[in-house]
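Please read the structure below before turning to the comments.
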Amino acid sequence: MKRRSLIQGCGSYLPERIVTNSELAETIDTTDEWIVERTGIRQRHIAAEGQFTSDLALNAAQRALDHAGVKAANIDMVIVATTTPDNTFPATATKVQHNLGMVNGAAFDIQAVCSGFVYALSVADNMIKGGQADTIVVIGAETFSRILDWEDRGTCVLFGDGAGAVVVQVANGADASADSLGPPDVGDNRGRGILSTHIHSDGATRDLLYVDGGPSSTQTVGHVRMIGKEVFRHAVTNLANIVTETLDANGLSPDDVDWLVPHQANKRILDGTARKLKLPMERMVVTVDRHANTSAASIPLALDEAVKDGRIKRGDLVLMEAMGGGLTWGSGLVRW
Ligand code: UT7
C-alpha cells in the first residue's frame, strides 16, 4: 500500500503584547484609518525582549503535540520554517528539538519567507511518503518585528510575531486503507490526509521583497524592504494560479473546498483571491486583522484558530496557499 501522510494535530502561540495601529501612529506618520483601509490590519502581537523565535516555536509545537496526542520521543523530525532564526546558525529547529526533550531524529530550518509553511509541509509530506520519517513536527515561527525598519511606515505596520505548528504523520489503519482522499463521488470510504502540495519560486522577482542585510553580503541582519504595489500585483495572480493548479491536480473545483486558509498578508489580497475563485468569504479563514502578517507562521496560526473553534471539522477539504519573498509561492490541500 502506498504511504500517505495526514495532519494529526495543530497548535499555535502568540506573544502576549498587542500593539494597535493607534499606538504605531504615535511614533510614525500613519493612521489607524489608513492601515485598516489599505490592509485590514488592526493590531499585531510583538514578542517580548528576550523572547526568541525558538521560544514561540516551542510553545506552538508543544500545543500541537498535545492536540495530536503524540509524545516528543516519537518524533522523527522537526522542521521550522522561519525568516527570523535565533542565530545565523545552527538551525532554530535544533533548539526546538532539544527543548522538546528529543534525543533522536533530525531538525532543520526552511527559508521560503511567507511561503515557508507550505514549503515545509511539502517537504514533510514527501519525507513521509518516501519512508524517511513517520512523524514530523512542522512549525512556522517568526519574530518579524526584529527585522523591521520601524521608521519605514510602508513596511513596519504590516507585520507581527507568532508561531503555529502541525504534527504530520504517516496514515495508519482505516486512514491508510481508505479508497481515496479526493472528490466525494469517488466513494464513501474517504480517508484523512494530504492530497497534494505544490511549490514554486521565481528569483527574477527577488528584489520586490527582501532584507537588505545578511551574513555573506553585509555582515548585518538588515531590514525588510518591499515594493508593495508590485508584490500585491504578483500575489493576486500567483495565488489564483496556485489554487487552480492544486484543484486541477486533484480533479476538484473551488466548490469542493470547505475552507481556504490563506497566508495572511493583506485583506485586499484575500478578497481578490476569493473573488477570482468565486469562493464566498465565509469559507475563508481570516486572522490578518488581529495577527497582521506573521510570515511563515500565518497559515498554521489561522488553521489552529479555525480547528479549535470548530469551523474546520473532520473530513473537510482544507486548502492552504501562500506567497512571499523570492518570490516564492505554494499550496497544500488536506482532507482534515
Ligand atoms: O507576505 C507577502 C508579502 N507582502 C504582501 O503581500 C504585501 C503586498 N502589498 C500590499 O499589501 C500593499 O501594497 C501595501 C499595504 C504595502 C501598500 O498599499 P498600497 O495601496 O499599494 O499603497 P502604496 O505603497 O502605493 O502607497 C500609497 C500612499 C503613498 O503615499 P503617496 O506617495 O501617494 O503620497 C505611501 O507613502 O500611501 C503612503 N503610505 C502610508 N500612509 C500612511 C504607505 N504606508 C503608509 C502608512 N500610513 N503606513
Side-chain angles (χ1 to χ4, degrees), residues 5-16 18 44-45 47-48 51-82 84 86 92-102 105 107 109-110 116-121 123-125 128 133-144 160-170 192-194 259 261-264 285-287 290-291 294-314 316 318 320 322 332 334 336:
S5 63
L6 54 82
I7 297 183
Q8 198 70 268
C10 54
S12 63
Y13 176 81
L14 287 160
E16 252 172 59
I18 291 173
R44 69 283 296 137
H45 291 251
Q51 191 176 35
F52 302 146
T53 294
S54 63
D55 299 315
L56 311 190
L58 179 67
N59 276 301
Q62 281 167 331
R63 289 174 183 181
L65 288 165
D66 284 349
H67 185 230
V70 169
K71 293 209 168 1
N74 296 326
I75 307 168
D76 303 315
M77 212 171 267
V78 177
I79 308 177
V80 174
T82 189
T84 46
D86 290 12
T92 299
T94 59
K95 211 162 166 184
V96 176
Q97 177 194 31
H98 175 68
N99 289 339
L100 282 171
M102 285 170 62
D109 290 357
I110 279 185
F117 181 77
V118 286
Y119 266 63
L121 191 68
V123 170
D125 182 39
I128 286 175
D134 286 344
T135 303
I136 305 180
V137 182
V138 176
I139 308 165
E142 303 279 15
T143 46
F144 238 70
D161 301 337
V166 294
V167 178
V168 185
Q169 266 192 323
V170 66
R192 295 188 294 152
I194 298 179
W259 290 102
V261 185
H263 168 53
Q264 312 278 323
V285 181
V286 179
T287 55
R290 289 159 289 126
H291 301 172
T294 57
S295 186
S298 91
I299 289 178
L301 269 162
L303 183 71
D304 188 43
E305 181 174 294
V307 169
K308 301 290 164 64
D309 70 18
R311 273 178 287 173
I312 294 178
K313 295 183 186 64
R314 182 64 66 89
D316 280 353
V318 179
M320 300 170 257
V334 177
W336 193 257

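Quick caveat: nothing in here was measured; it's all calculated off a predicted structure.
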Approximate separation, where rounding is to 0.5 Å, of [X] [atom1] and [Y] [atom2]:
X	Y	atom1	atom2	result
Tyr13	Asp161	OH	CG	10.5 Å
Lys71	Leu100	NZ	CG	13.5 Å
Ile136	Ile128	CD1	CD1	4.0 Å
Asn99	Thr94	CG	OG1	9.5 Å
Ile139	Ile110	CD1	CD1	11.5 Å

Run the ring pair (Phe, Tyr, Trp, His ring centres under 6.0 Å) test against Phe144 and tell me which residues pass, sequence neighbours left out.
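Listed in chain order: Phe159.
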Mind jotting down which residue pairs meet the salt bridge (Lys or Arg N to Asp or Glu O under 4.0 Å) criterion with at least one end in residues 295-306? Sequence neighbours excluded, please.
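Listed by first then second residue: Arg290-Glu305, Asp304-Lys308, Glu305-Arg311.
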Looking at side-chain heavy atoms only, is the closest gap between Asp55 and Thr143 below 4.5 Å?
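Answer no - side chains too far apart.
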Do any N or O atoms from the side chain of Thr92 and from the backbone of Asp86 form a donor-acceptor pair under 3.5 angstrom?
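Side chain of Thr92 to backbone of Asp86, a donor-acceptor pair under 3.5 Å: yes, one is there.
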Positive for side-chain hydrogen bond (donor to acceptor under 3.5 Å, both in side chains) with Gln169, one of Thr135, Asn74, Asp134:
Thr135
Looking at Val307, Val138, Val137, which hits side-chain contact (heavy atoms from CB on, under 4.5 Å) with Val166?
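Option passing the side-chain contact (heavy atoms from CB on, under 4.5 Å) with Val166: Val138.
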Thr294 versus Glu142, side-chain donor and acceptor atoms under 3.5 Å
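No pair is found: no donor N or O on one side chain lies under 3.5 Å from an acceptor on the other.
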